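Here the structure is laid out as structure tokens; the discussion comes afterwards.
If you're wondering where the values come from, they're calculated on a predicted model, not measured in any experiment.
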Amino acid sequence: SARFLKQRFGVGYVLRMSLKEGTQVDPIVQLVQSHIPSAAISSSAGTELALRMPKEAVEVFPTVLEHLENDAEATLGVLSFGIETTTLEEVFMRIVNEDDEKLMIDHEEANRLLTASPEERVRMQKELEERDEKRNPLSK
């Protein structure tokens, strides 16, 4: 079911923000990470910022959102923000793009892979390619 997939493979929540032109994202990220250290940038393009936040941090969301509301436009340059859960599309895309062996055998490792930041995903992809090359070297 959709609920099962989201619970099993969902990455938690995404805090999406619209920013003023030229806003620096570091102070915003630092504010969120001061309450949720594992929060990470999911995407940052132009005047849009998305931060990935784990399910386990849901109890501190009100505090984070209150700080954002108080410091939003004047200090941080945040015009608007909202929070959303992982979509089914995101779940499917993460499942499709991961190493099937790890997903099937090691559920803890699979969850780590599915919640990785873009930088971590690049590093893990390189590790996967190296492992595959050792298993099935291309003849030269």
Name the atoms and distances for all side-chain donor-acceptor pairs under 3.5 Å in residues 25-35, with sequence neighbours left out.
unit_1, atom_1, unit_2, atom_2, d
Gln33, NE2, Ala39, O, 2.7
Ser34, OG, Leu31, O, 2.6

Quiz: residues 43-50 side-chain donor-acceptor pairs under 3.5 angstrom, not counting sequence neighbours:
unit_1, atom_1, unit_2, atom_2, d
Glu48, OE2, Ser18, OG, 3.3

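With values rounded to the nearest 0.5 angstrom, Tyr13 atom OH is found 8.5 Å from Lys55 atom NZ. Leu15 contributes atom CG, which lies 12.5 Å from atom CZ of Arg52 (distance to the nearest 0.5 angstrom).
Residues that satisfy the side-chain contact (heavy atoms from CB on, under 4.5 Å) test with Ser38, not counting sequence neighbours, are Ile36, Pro54. In this structure, Glu21 has no side chain to side chain donor-acceptor pair (under 3.5 Å) partners at least two apart in sequence or on a different chain.
Looking at Met53 and Ile83, their side chains come closer than 4.5 Å, going by heavy atoms from C-beta outward. Val64 has its side chain out of reach of Phe61: every pair of non-hydrogen atoms, C-beta onward, lies at least 4.5 Å apart.
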Working note: Met17 + Leu51, criterion side-chain contact (heavy atoms from CB on, under 4.5 Å); need CA distance, chi angles, decisive distance, verdict. CA-CA 9 Å; Met17 292 169 261; Leu51 298 176; 3.7 Å; yes
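Under the 4.5 Å side-chain heavy-atom criterion for grouping Ile, Leu, Val, Met, Phe, Trp and Tyr, Phe81 is not connected to Leu79 through any hydrophobic cluster.
The salt bridge (Lys or Arg N to Asp or Glu O under 4.0 Å) pairs that include a residue from residues 57-69 number zero, where partners must be two or more places apart or lie in different chains.
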